[in-house]
Each structure stands twice: as C-alpha cells, then as structure tokens.
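The block underneath contains the structure these notes are about, expressed in structure tokens.
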Amino acid sequence: MNVVSDAVAWLNDPLNWTGTHGVLALTREHLTISVAAVLLAAVIALPLGVWLGHRHAGGALTVVLANTSRALPTFALLTIFASGGLFGQTATTLAVAVFAVPPILTNAYTGVLEVDADVRDAARGMGMSAARSLALVELPLALPLVAAGLRTAAVQVIATVPLAAFVGGTSLGSIIVTGLALQRYGQVLAGGVLVALLCLVAEGILAGVQHVLTPAPMRQRATSSSV
C-alpha cells in the first residue's frame, strides 16, 4: 500500500506536472513520437495494403511477412539503433513505426480484399475504371476496417513509446525510468498509470472517429447483427 500512496502523492504534487520534465511536457513529447510513428507506418503500409487487396494477389504472403516483425521486440530494435549511433526520439520513432506496420497493412489489405465482388462488378458495369472503382467504391467500404487498423496501431504505439527513455528519448517513460533508477516505486507506478490513461483516452477518441467514418448503413447492419 505504501507504493500506491506514494504514487497518489506523486500525482498530486503540482511540481511534477510543470516544467520541461513535467507530466504535461512529457505527454506532449510522447504524443509527438506516437503521431510521427503512426504516420510513418501508414505512409508505407496503407498504400501497399490497399494495392495488394485490390489486386487479389501476393497480399497473404506480404501480410505474413509483415506480421513476423512482431516477433522482434521493440527494445531489441532500439538497442540495434543505439549500437549504430542512433538515439533519442528518432530511434524510438523508427522502432515503433516498424511495430505499427502489421496492423495497418493487414487491415488495409483485408478491408479492400473483402469488398463484395458483386459491388466491384456493378462499379465496372457502370463504366468505372479500376482506379475509380477503388477510390469511389472499394475504399469507402473498406474504411471501417482500415480505421480499426490505424486505431490498433496507434494504441500499441502509445503503449510502447515509454521505451524511448532507455535510449535517451523523452516520453512518459522517463518518469518510470527515473523512478526505477532512484528506487522510487511510487513514481514508477504513477508513470505506468499515466501511460495506461493515455492509451485509454486515445482508444476512446479513435473509437469515436472510427464510428464516424463508418457509413451509416454499415453501422446499422453491425448494430442489428449484434442484437
């Protein structure tokens, strides 16, 4: 119970929330790294996943290969980057971006692949080119699954970014690492709680965005099927 009370006391201390190493500044750094990593992963994974899903070829193998990257711990990647002289925010962004690629790629590929063939045929029958069919028909129908992939990747990245503190980066993980170094385990618990809360807030916001992006007929169908 002493650790819990120490964590509560640490969180209630206004001095821990302000300044360059305060909670607010570290949260800003944490979110900056997270957004950069997800955007970097999306730039690579989204076009590839959409293209493979549209082509109906080679996607399964690509997704399997991408998912194997999950077997490589992010901390191992950070160690590799550090041994090559890459530290701080850049190393963390690259490492967690690799971690974010699989869910984005998998959902983009699956979302476009699973668009009903009759819908594709109807679009082509209306004179649409393959590119117009993809942009105006397939992508809107795949958007809920694509958004789910981005949401999963974002939450995973936010939960992983605290490792930045081990390679000279700044994030909410800095609170945890400093607490471990000073054997202040209440501070360690407080840092863990802050990371968990940030993940929950991000999950809630992105779930709302995903709901908005889902076409109304698909929302109604999902609701009726769950009843």
Side-chain angles (χ1 to χ4, degrees), residues 26-55 57-113 139 142-177 191-192 194-196 198-203 205-207 209-210:
L26 292 175
T27 300
R28 185 167 56 249
E29 293 289 341
H30 197 114
L31 290 174
T32 299
I33 297 173
S34 300
V35 170
V38 173
L39 286 177
L40 178 59
V43 166
I44 297 170
L46 274 180
L48 180 60
V50 168
W51 180 67
L52 291 172
H54 180 67
R55 287 185 67 245
L61 177 61
T62 304
V63 168
V64 169
L65 291 175
N67 282 324
T68 58
S69 67
R70 294 182 178 182
L72 182 63
T74 304
F75 188 69
L77 278 177
L78 288 172
T79 304
I80 293 171
F81 290 148
S83 64
L86 194 60
F87 296 91
Q89 317 296 70
T90 302
T92 306
T93 300
L94 293 176
V96 295
V98 171
F99 188 58
V101 165
I104 297 174
L105 176 61
T106 301
N107 280 39
Y109 168 70
T110 304
V112 176
L113 181 70
L139 273 179
L143 197 56
L145 200 55
V146 172
L150 289 167
R151 169 182 162 191
T152 301
V155 175
Q156 288 180 350
V157 163
I158 291 172
T160 308
V161 163
L163 293 174
F166 289 102
V167 290
T170 54
S171 68
L172 289 175
S174 302
I175 299 172
I176 299 172
V177 172
L194 290 171
V195 173
L198 187 60
C199 289
L200 290 174
V201 170
E203 171 72 16
I205 292 174
L206 293 174
V209 172
Q210 181 182 347

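Just so we're clear, the structure is a prediction, and the values are computed from it rather than from any experiment.
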Can you name the one residue among Val157, Val167, Thr160 that meets side chain to side chain contact (heavy atoms under 4.5 Å, CB included) with Thr92? Val167

Set out, in order, the CA-CA distance, both residues' side-chain angles and the distance that settles side-chain contact (heavy atoms from CB on, under 4.5 Å) for Thr152 and Leu206, then state yes or no. CA-CA 9 Å; Thr152 301; Leu206 293 174; over 6 Å; no

Is the shortest heavy-atom distance from the side chain of Val50 to the side chain of Leu139 under 4.5 Å? yes

Are the side chains of Leu194 and Thr27 in contact, using a 4.5 Å heavy-atom criterion? no

Indicate yes or no: at least one non-hydrogen side-chain atom of Ile44 is less than 4.5 angstrom from one of Leu48. no

Nearest heavy-atom approach of Ile104 to Ala153 is CG1-CB, 3.7 Å

Shortest non-hydrogen separation from Val161 to Ile33 and the atoms involved: CG2-CG2, 3.9 Å

Quick check: closest heavy atoms across Ala42 and Pro47, and the distance to 0.1 Å? O-CD, 3.4 Å

Heavy-atom closest contact (Ser171 atom, Leu26 atom, distance): O-CD2, 3.6 Å

Val96 to Ala37 - nearest heavy-atom pair and separation: CG2-CB, 3.3 Å

Rounded to the nearest 0.5 Å, what separates atom CG in Leu113 from atom CG in Leu52? 10.0 Å

When rounded to the nearest 0.5 angstrom, what is the spacing between CD1 in Ile205 and CD in Gln210? 14.0 Å

Distance check, rounded to the nearest 0.5 Å: Leu172 atom CG versus Leu31 atom CG? 8.0 Å

Minimum heavy-atom distance Val177-Ala165, with the two atoms named: CG2-CB, 3.4 Å

Val146 versus Asn107: any side-chain heavy-atom pair under 4.5 Å? no

Under the 3.5 angstrom rule, does the side chain of His30 hit a backbone N or O of Ile158 as a donor-acceptor pair? yes

